[in-house]
Engineer: 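If you scroll down you'll find the structure; I have some questions about it.
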Amino acid sequence: PGLALSEMWQGIGYAEDGLMVISGFVVLVGLLGMLVSIYTSLDARRREMAILRALGAGPQRIVSLLVLEAGLLSALGAFLGVIFVYAGLAALQPWLEGEFGLLVPIRVLDQAQLMYIGAVIILGFVAGLVPALKAYRTALHDGLSVRV
C-alpha cells in the first residue's frame with residue numbers, strides 16, 4: 001500500500017504542477033487585459049488628464065494616479081478572489097464530503113500563497129506603468145484640443 005500511495009501522490013503532484021502553470025497563465029492574461037483596458041481608456045480620458053495637467057498636476061502625479069489605479073484594481077481582484085475561494089469552499093465542503101467522501105479543509109493562507117498574491121499585486125502596479133508612461137508623454141494641448 002505504501003508504494004501505491006507514493007505513486008498516487010506523485011501523479012497528483014504532476015497535476016498540481018500543471019494547474020500552477022495554468023493559473024500563472026490566467027494571471028498573466030488578466031494582467032494583460034487590465035493593461036489593455038486602461039491603455040485604451042486613455043483615449044477617452046485624455047481630456048480628463050489634460051484638465052488635471054492644466055490645474056497644476058505634474059506628469060509624475062498623472063503617472064502615480066494611473067499606477068495606483070492599476071495596483072488597486074489588482075489588489076481588489078486578489079482580495080475578491082480569496083473571498084470567493086473561501087466562500088466556495090465553505091458552501092461546497094459539506095456537499096463534497098457527503099457525495100464523494102472528500103474532505104477539503106479550509107485553511108489559512110500560507111506564506112507561499114501570500115507571496116503569490118503579493119506578486120500579483122506588484123505586477124498590477126507594474127502593468128499600470130505602460131499606460132501611465134503614455135499619459136506622461138501626452139502633451140497638454142493634445143487633450144484640450146477638439147478632435148473631429
Side-chain angles (χ1 to χ4, degrees), residues 8-100 102-148:
M8 180 184 78
W9 287 119
Q10 185 179 10
I12 290 174
Y14 292 139
E16 184 179 6
D17 291 343
L19 290 174
M20 285 294 286
V21 169
I22 291 171
S23 65
F25 282 124
V26 168
V27 167
L28 181 67
V29 167
L31 287 171
L32 287 174
M34 180 181 68
L35 182 139
V36 168
S37 174
I38 293 173
Y39 193 83
T40 56
S41 75
L42 279 181
D43 190 45
R45 295 168 59 184
R46 69 182 178 84
R47 195 179 253 340
E48 172 189 345
M49 298 297 159
I51 291 171
L52 285 173
R53 296 274 304 272
L55 290 174
Q60 295 84 5
R61 175 72 51 117
I62 301 296
V63 168
S64 64
L65 284 173
L66 289 171
V67 168
L68 185 65
E69 177 185 0
L72 289 177
L73 280 173
S74 62
L76 180 66
F79 178 72
L80 288 175
V82 169
I83 295 293
F84 286 146
V85 164
Y86 278 112
L89 280 175
L92 293 176
Q93 189 180 34
W95 177 76
L96 286 171
E97 190 174 2
E99 192 72 25
F100 301 106
L102 181 64
L103 176 64
V104 180
I106 299 176
R107 297 186 185 135
V108 178
L109 294 173
D110 63 11
Q111 187 174 0
Q113 293 166 336
L114 289 173
M115 285 176 51
Y116 289 139
I117 292 171
V120 167
I121 293 170
I122 289 170
L123 286 173
F125 279 104
V126 171
L129 282 174
V130 174
L133 292 176
K134 179 182 187 270
Y136 178 83
R137 283 187 252 129
T138 302
L140 179 61
H141 65 83
D142 179 49
L144 295 176
S145 63
V146 179
R147 284 190 182 173
V148 224

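Position 1 is the first residue of the sequence; numbering continues from there.
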Engineer: Measuring only between side-chain heavy atoms, which start at C-beta, is M49 closer than 4.5 Å to R46?
Structural biologist: no
Engineer: How many angstroms lie between CG in L42 and CG in L66, if you round to the nearest 0.5 Å?
Structural biologist: 5.5 Å
Engineer: Look at the side chain of Y86 and the backbone N and O of R107, then say whether any donor-acceptor pair between them is shorter than 3.5 Å.
Structural biologist: yes
Engineer: Any donor and acceptor pair, going by atom type alone, linking the side chain of Q93 with main-chain N or O of V104 inside 3.5 Å?
Structural biologist: yes
Engineer: Other residues, nucleotides and ligands only: do more than 12 of their heavy atoms fall within 6.0 Å of CZ on F125?
Structural biologist: yes
Engineer: Let's go through R61 and S64 carefully: what are the C-alpha distance in whole Å and the side-chain angles of both, what is the deciding distance for side chain to side chain contact (heavy atoms under 4.5 Å, CB included) to 0.1 Å, and is it a yes or a no?
Structural biologist: CA-CA 5 Å; R61 175 72 51 117; S64 64; 4.3 Å; yes
Engineer: Could you check whether any side-chain N or O of S37 sits under 3.5 Å from a backbone N or O of M34, counting only pairs where one atom can act as donor and the other as acceptor?
Structural biologist: no
Engineer: Counting N and O atoms only, with roles assigned by atom type, does the side chain of Q113 sit under 3.5 Å from a partner on the main chain of D110, one being a donor and the other an acceptor?
Structural biologist: yes
Engineer: Distance check, rounded to the nearest 0.5 Å: R45 atom CZ versus T40 atom OG1?
Structural biologist: 10.0 Å
Engineer: I would like to know whether L65 and L52 meet side chain to side chain contact (heavy atoms under 4.5 Å, CB included); could you show each step before the answer?
Structural biologist: CA-CA 11 Å; L65 284 173; L52 285 173; 4.1 Å; yes
Engineer: What heavy-atom pair brings G124 and A70 nearest, and what distance separates the two atoms?
Structural biologist: O-CB, 3.4 Å
Engineer: Give a yes or no on this: more than 12 heavy atoms of other residues, nucleotides or ligands lie within 6.0 Å of atom CZ of F79.
Structural biologist: no
Engineer: CG/D17 to CD1/I22 distance, rounded to the nearest 0.5 angstrom?
Structural biologist: 11.5 Å
Engineer: Would V67 and V126 satisfy side chain to side chain contact (heavy atoms under 4.5 Å, CB included), going step by step from the backbone distance to the final call?
Structural biologist: CA-CA 7 Å; V67 168; V126 171; over 6 Å; no
Engineer: Would I62 and R53 count as a side chain to side chain contact (heavy atoms under 4.5 Å, CB included) if you check the C-alpha gap in whole Å, the side-chain angles of each, and the deciding distance to 0.1 Å?
Structural biologist: CA-CA 8 Å; I62 301 296; R53 296 274 304 272; 3.8 Å; yes
Engineer: Please determine whether the number of non-hydrogen atoms from other residues, nucleotides or ligands lying under 6.0 Å from atom CD of E99 exceeds 12.
Structural biologist: yes
Engineer: Atom CE in M20, atom OH in Y116: separation rounded to 0.5 Å?
Structural biologist: 3.5 Å
Engineer: State, to 0.1 Å, how close G71 and I121 come at their nearest heavy-atom pair, and which atoms those are.
Structural biologist: O-CG2, 4.4 Å
Engineer: Within the structure provided, determine whether L35 and L31 are in side-chain contact (heavy-atom separation under 4.5 Å).
Structural biologist: no
Engineer: Indicate the atoms forming the closest heavy-atom contact of A132 with V63, along with that distance.
Structural biologist: O-CG2, 3.5 Å
